[in-house]
Amino acid sequence: MLKPLKDSRSYYKFGLSLRETNKYQINIIGFCSKKERDEKSIKFHPLFYKNRNSISRFAAGFRLLKLLIKIKPKILIVTTYELLPYALLGKFLLKYKVIYDIQENYSLNIKYNNGKYGIEKSFFAGIVKLIESSSRPFIDHFIFAEKCYPNEFHAIKNFTIFENKYQGPITQGSKPFKIEADAIQFLLCGTLAEVYGGIDAILWFENILKINPYARLKILGHAPLEGFRNKLRDLVRDKPYIHACIEDKPLDYTLILEAYKAADLILLPYHQIKSISPKIPSKLYECLALNKAFLFSPNTAWKSLAEKYGAGIEVDFQNPNDHQSVLQFIKSKVFYDKFTAQEALWETEKEKFLDLIDNHITST
């Protein structure tokens with residue numbers, strides 16, 4: 001909810017896993033920029049079509065309640081704190097179970113990721129904490145998307161961890177492999193924000209270009225903050241070696257997967273701050289699942305996964321002086337010379353997720 005109707009987690013992981021059982025009617029509620037057709041056992045319910053920052057966002061909770069009265073669910077999985085009060089009011093009226101899927105530590109994100117400053121940042125972080133803490137006693141179960149969340153949400157005891165592993169078509173290329181061509185295709189994709197290192201990656205790439213003029217960079221993603229979105233667009237304007245699609249709304253996940261196919265190296269230039277460094281980016285799991293080589297900011301846990309499969313190289317994207325040695329290393333390295341990354345696949349989480357839903361359905 002307040003996620004796209006075909007969100008990579010709600011639809012591709014949770015929704016499609018439930019559909020495989022042929023036991024449930026699945027209703028996915030969210031926003032969309034275009035009408036989605038219903039599928040076998042899955043109905044789509046848009047809360048609104050407009051920009052998520054418009055006045056429609058404030059009416060989303062009441063639309064949710066109206067939908068819930070119509071659908072009469074047995075279980076409601078909520079994916080954002082904004083709709084928790086309305087979800088719990090619906091629970092009081094309709095007696096369904098509520099599962100809160102914590103995909104982000106929202107208050108921590110506001111503190112470190114958001115463009116707000118000072119007292120405004122503290123105010124909004126406090127509002128999120130108030131909503132989540134006051135809702136906690138009425139939530140039947142919690143899902144954590146990250147292994148670090150039990151340490152960040154100490155008061156929550158009834159939880160299960162389902163990481164954001166890859167769910168989608170497997171189109172693995174040959175392995176092991178080397179990247180020897182000069183025309184290296186770099187890809188920066190997904191959500192674009194200051195702390196996700198987009199600008200660092202562009203400046204780093206332009207240094208690579210000085211010694212390898214045949215390299216190319218594709219940027220494909222969603223920049224939710226207007227100021228940063230305009231900053232990125234200005235930075236890449238009139239640069240033929242950068243192909244950029246920087247949108248104000250999340251892109252269809254299938255477009256991201258298509259971009260992976262054409263890329264040689266995926267860039268993960270995240271800043272190492274408290275809201276990011278303890279987590280495993282879903283893009284890292286996507287790279288492992290698709291046998292895509294990647295470059296990542298210095299991080300012990302990410303390095304461990306990269307080295308386990310021979311999948312990636314640690315890079316300081318904020319250091320303008322190491323690009324030559326990195327390029328030499330890229331061309332000398334054999335990628336994916338070790339194991340198949342089965343642990344990166346949603347299949348390792350799916351059965352646990354289905355068991356959780358079954359258990360809550362049978363106890364209603």
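We use all heavy atoms of the structure for the numbers below, so side chains are in, but hydrogens, waters and symmetry mates are not. Because the structure is predicted, anything quoted here is derived from the model rather than measured.
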Does a salt bridge link K308 with E343, judged by any charged N lying under 4.0 Å from a carboxylate O?
yes
CZ of F31 to CG of L47, rounded to nearest 0.5 Å, is 10.5 Å
Salt bridge check, D234 against R237: does any charged N sit closer than 4.0 Å to a carboxylate O?
yes
Salt-bridged, K178 to D337, with N to O below 4.0 Å?
no
So for atom NZ, which belongs to K91, do other residues, nucleotides or ligands contribute more than 12 heavy atoms lying within a distance under 6.0 Å?
yes
Start with the C-alpha distance between K279 and Y149, add both sets of side-chain angles, then the distance that settles side-chain contact (heavy atoms from CB on, under 4.5 Å), and finish with yes or no.
CA-CA 9 Å; K279 305 191 318 191; Y149 285 170; 3.6 Å; yes
Just checking K352: does its NZ atom have more than 12 heavy atoms from other residues, nucleotides or ligands closer to it than 6.0 angstrom?
yes
Less than 4.5 Å apart, side chain to side chain, heavy atoms only: is that true for L327 and I184?
yes
Is it the case that over 12 heavy atoms from other parts of the model lie below 6.0 angstrom from the NZ atom of K333?
yes
From Q103 CD over to D7 CG, what is the distance, rounded to the nearest 0.5 angstrom?
6.0 Å
Can the ring centres of F153 and F144 be said to be less than 6.0 Å apart?
yes
Could you tell me which residues satisfy side-chain contact (heavy atoms from CB on, under 4.5 Å) with E20, sequence neighbours excluded, listed by chain and number?
K350
With heavy-atom distances below 4.5 Å as the criterion, would you say the side chains of I266 and E286 are in contact?
no
Determine whether more than 12 heavy atoms belonging to other residues, nucleotides or ligands lie under 6.0 Å from atom NZ of K147.
no
Taking the ring of Y336 and the ring of Y309, is the distance between their centroids below 6.0 Å?
no
State the CD1-CZ distance between I156 and R136, to the nearest 0.5 angstrom.
5.5 Å
Is a donor from one side chain sitting under 3.5 angstrom from an acceptor on the other, for Y270 and K283?
yes
Are there more than 12 heavy atoms of other residues, nucleotides or ligands under 6.0 Å from atom NZ of K66?
no
Salt-bridge present (K274, E152; N to O < 4.0 Å):
no
So Y24 and S41, side-chain contact (heavy atoms from CB on, under 4.5 Å) or not? Walk me through it.
CA-CA 7 Å; Y24 306 109; S41 302; over 6 Å; no
Measure the CD1-OH distance between I273 and Y196 for me, rounded to the nearest 0.5 Å.
8.0 Å
Which residue is it: F14, Y285, Y166? I am looking for the one with a side chain to side chain contact (heavy atoms under 4.5 Å, CB included) to W346.
F14
Minimum heavy-atom distance K6-Y11, with the two atoms named
CA-CB, 3.7 Å
Are any of the side-chain heavy atoms of F353 and L18 separated by less than 4.5 Å?
yes
Starting from the C-alpha separation in whole Å, work towards a yes-or-no answer on side-chain contact (heavy atoms from CB on, under 4.5 Å) for I139 and L84.
CA-CA 9 Å; I139 294 171; L84 272 177; 4.0 Å; yes
Rounded distance [0.5 Å steps], OH in Y241 versus CD in E206
4.0 Å
Could you pull out all residues at least two apart from T254 that satisfy side-chain contact (heavy atoms from CB on, under 4.5 Å)?
Y12, D252
Plane angle bin for F335 and F177 - parallel if under 30°, tilted between 30 and 60°, otherwise perpendicular
parallel
In sequence, state the C-alpha distance, the side-chain angles, and the governing distance for E132 and Y100, and then conclude on side-chain contact (heavy atoms from CB on, under 4.5 Å).
CA-CA 10 Å; E132 291 188 327; Y100 183 25; 2.7 Å; yes
Considering all heavy atoms of both residues, which atom of Q272 and which atom of S297 are nearest to each other, and what is their separation?
NE2-CB, 3.7 Å
